[in-house]
Amino acid sequence: MERWYRNTVIYSLDVSMFQDANGDGIGDLPGLISRLDYLSRLGVGTIWLNPIYPSPRLDGGYDITDYYTIDPRFGSLGDFSELLNQADELGLRIMLDLVVNHTSDQHPWFQSARADPDSPYRDWYVWSETEPPDRWLGTAFPGVEKETWTHDPVADAWYRHRFYRWQPDLNTDNPEVRAEIYKIIGYWLRLGVAGFRIDAAPFLVESRRPDEPTTWPDYGLLRQIRETVSWRRADAVLLAEANVGDEELLEYFGEGDGEPTRMMMLFAFRLNQAIMLALAREDAGPVRAVLDRLPDLPRHAQWATFLRNHDEVDLGRLSDDEREDVFAAFGPEPDMRLYDRGIRRRLAPMLAGDRRRLEMAYSLQLTMPGTPVLRYGDEIGMGEDLSRPEREAIRTPMQWSHTDNAGFSRAEPEQLIAPPIGAGPYGYPKINVTEQRLDPNSLLTWFERILHTRRECEEIGTGEHQVLDSGQPHVLVHTATGQRGRTLFLHNLSPDPCHCSLDPRLAGDSTPLGLAADADYGTGVDLTAIDLNGYGYRWIRLHRSF
Ligand code: NOJ
Ligand code: CA
């Protein structure tokens with residue numbers, strides 16, 4: 001307890017796509033403010049905003065030109081402080097993306113650095129006078145961006161970029177750059193944000209030296225970031241994006257006296273890929289295996305679980321066979337795939353809009369060890385627009401209603417930042433908030449209920465998780481045991497109904513109690529004979545002490 005991030009639900013959204021208040025076709029902060037009541041009713045506790053800084057937005061805002069203000073299209077700093085005030089009133093926290101591995105090439109720092117070898121900003125970036133041998137290696141976007149060093153004609157030198165060529169990497173070896181990073185952090189904390197998602201953490205800590213590209217990562221930077229944050233605001237949280245191998249994961253948390261000294265939270269990429277594989281194969285095995293293998297975390301360190309985020313489903317850590325199975329099930333068309341490793345779709349269409357399966361998948365996520373992160377629009381089952389390039393396919397306006405522009409904006413359709421999905425089974429006439437909030441059987445209503453039930457189960461976020469033998473390969477059975485009790489979860493990944501028999505002693509002297517399920521399984525729970533529908537799930541409280 002007392003660590004808010006361990007029992008919150010994080011909702012991630014892109015301000016530009018959420019709600020346009022002034023009618024210019026672009027979502028904005030006043031629009032988001034007007035929807036805070038919706039998010040409060042939904043039952044989320046924390047809102048993570050994708051970058052809101054000025055940006056050419058060639059990469060969804062992850063190409064920043066000024067770290068100290070808001071993109072004027074979204075509003076002003078005044079609007080931002082108003083967002084914080086209004087969110088406070090509702091008990092909602094706001095987290096920002098901290099994108100300091102790179103800037104936009106339009107950032108005045110880079111413009112100065114490239115124009116003049118004597119610029120004070122020259123050494124804020126990573127240069128090479130000659131063509132680096134690793135020019136063609138290590139791009140984050142295979143198939144789209146080919147090189148990681150680009151020749152700049154203005155500077156007549158090569159600059160390094162792990163992402164697109166318009167995102168030059170900052171030289172984090174330079175103490176001035178580090179000082180600036182701490183300044184950026186201090187600034188937004190002063191305004192009142194609850195923490196940061198650390199973008200591209202593995203790239204941020206990797207060596208900047210072209211002559212020594214294999215030098216060990218400098219995790220010390222993460223520790224310094226942590227110290228800055230914790231000194232300025234004791235309860236602020238750092239959530240790192242680090243899709244790295246098992247052996248490296250613990251480095252991102254760090255450890256001193258049993259507590260994390262670097263990041264408090266890490267996205268559970270490994271678990272995400274296992275869940276996608278389990279859903280594709282209708283087999284609980286992959287999730288079981290990953291849960292068994294997840295390292296013990298330092299005290300108060302936490303996973304952030306997710307099914308979908310704002311990027312492609314990254315399957316890069318599966319074996320070739322496994323990845324092919326997920327592709328076959330959820331991304332059968334070449335156009336649905338991206339960067340040789342992922343799928344650029346939303347979850348609802350990947351699961352063919354099957355409500356039973358969608359609920360089971362989210363129930364699974366919500367019962368996994370960690371803090372759940374949801375993506376805007378997934379609570380109503382939004383789809384994707386594959387006619388849009390790359391990851392833009394899943395970055396479409398929030399579908400509020402069946403009226404013009406999905407209720408997102410009153411601008412003329414051609415002025416909109418992106419067209420809302422109009423046609424087909426996922427179009428806004430069919431999938432929208434207004435209709436679902438009136439329907440007691442809608443996905444949105446389901447989400448409201450399950451998120452409230454989850455609030456009653458602190459053991460999921462903070463307790464010990466244990467996988468039990470279900471006797472059925474397609475059923476995952478696990479428990480979470482916390483200070484106040486123990487809850488049992490069953491998830492049937494297959495369409496066939498089944499029956500599980502568990503040890504009746506699991507509940508001790510207590511009477512097991514159903515908390516949530518896909519259907520009415522009757523009153524009373526007999527642990528030796530638990531029915532599960534096809535794609536069924538059940539949350540059963542085994543005992544509670546006080
Ligand atoms: C990771 C972000 O999730 C992604 O959207 C972005 O393109 C890269 N980092 C570069 O900032
Ligand atoms: Ca607007």
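Counting starts at 1 for both ligands and their atoms, in listed order.
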Undergrad: Report yes or no: does Arg395 have a heavy atom closer than 4.0 Å to ligand 1?
TA: yes
Undergrad: Give the atom numbers and elements of ligand 1 that come within less than 4.0 Å of a heavy atom of Arg197.
TA: 1 (C), 2 (C), 3 (O)
Undergrad: Residue-level breakdown please: for Arg162 versus ligand 1, do any non-hydrogen atoms fall below 4.0 Å on the side chain, on the backbone, on both, or on neither?
TA: neither
Undergrad: Both conditions, 6.0 Å and 45 degrees, for the charged tip of Arg122 above the ring of Trp127: are they met here?
TA: yes
Undergrad: Looking only at N, O or S atoms, find the one in Asp24 nearest to the Ca ion (ligand 2) and name it.
TA: OD1
Undergrad: Are Tyr125 and Phe110 an aromatic pair by the rule of ring centers under 6.0 Å?
TA: yes
Undergrad: Run the numbers for me: atoms of ligand 1, each under 4.0 Å from some heavy atom of Arg391, listed by number.
TA: 4 (C), 5 (O), 6 (C), 7 (O)
Undergrad: Does the gap between the ring centers of Tyr376 and Tyr11 come in under 6.0 Å?
TA: no
Undergrad: Please write down residue, atom name and distance for the protein heavy atom closest to atom 2 (C) of ligand 1.
TA: Asp199 OD1, 3.2 Å
Undergrad: Looking only at heavy atoms of Phe141, does any of them come nearer than 4.0 Å to an atom of ligand 1?
TA: yes
Undergrad: Which of the numbered atoms in ligand 1 are below 4.0 angstrom from a heavy atom of His102?
TA: 10 (C), 11 (O)
Undergrad: Angle at the Ca ion (ligand 2): provide the value between O of Ile26 and OD1 of Asn22, rounding to 10 degrees.
TA: 160°
Undergrad: Just to confirm my output: which protein heavy-atom neighbour is closest to atom 7 (O) of ligand 1, and how far is it?
TA: Asp59 OD2, 2.7 Å
Undergrad: With the threshold set at 4.0 Å, does a side-chain nitrogen-carboxylate oxygen contact exist between Glu384 and Arg346?
TA: no
Undergrad: With a 4.0 Å cut-off on heavy atoms, is Glu312 touching ligand 1?
TA: no
Undergrad: Decide if the gap between the ring center of Tyr53 and the ring center of Trp188 is smaller than 6.0 angstrom.
TA: yes
Undergrad: State, without any angle test, whether Ser230 and Arg226 hold a side-chain donor-acceptor pair at a distance under 3.5 Å.
TA: yes
Undergrad: For His310, take its heavy atoms, then give the atoms of ligand 1 lying under 4.0 Å from any of them.
TA: 2 (C), 3 (O), 4 (C), 5 (O)
Undergrad: Check whether any side-chain heavy atom of His300 lies under 4.5 Å from a side-chain heavy atom of Met264, and answer yes or no.
TA: no
Undergrad: Are Trp109 and Tyr67 near enough that their ring centres are under 6.0 Å apart?
TA: yes
Undergrad: Suppose we only allow N, O or S atoms; which atom of Asp28 ends up nearest to the Ca ion (ligand 2)?
TA: OD2
Undergrad: Considering only the protein, which heavy-atom contact is closest to atom 8 (C) of ligand 1, and what is its distance?
TA: Phe163 CE2, 3.6 Å
Undergrad: Give a yes or no on whether the ring-centroid distance for His161 and Phe141 is below 6.0 angstrom.
TA: no
Undergrad: Which atom, counting only N, O or S, brings Asp20 closest to the Ca ion (ligand 2)?
TA: OD1
Undergrad: Considering both backbone and side-chain atoms of Asp311, is one of its nitrogen or oxygen atoms within less than 3.5 Å of a nitrogen or oxygen in ligand 1?
TA: yes
Undergrad: Compute both the distance and the angle, then confirm whether Arg93 meets the cation-pi test with Trp4: under 6.0 Å from the six-membered ring centre, within 45 degrees of the axis.
TA: yes
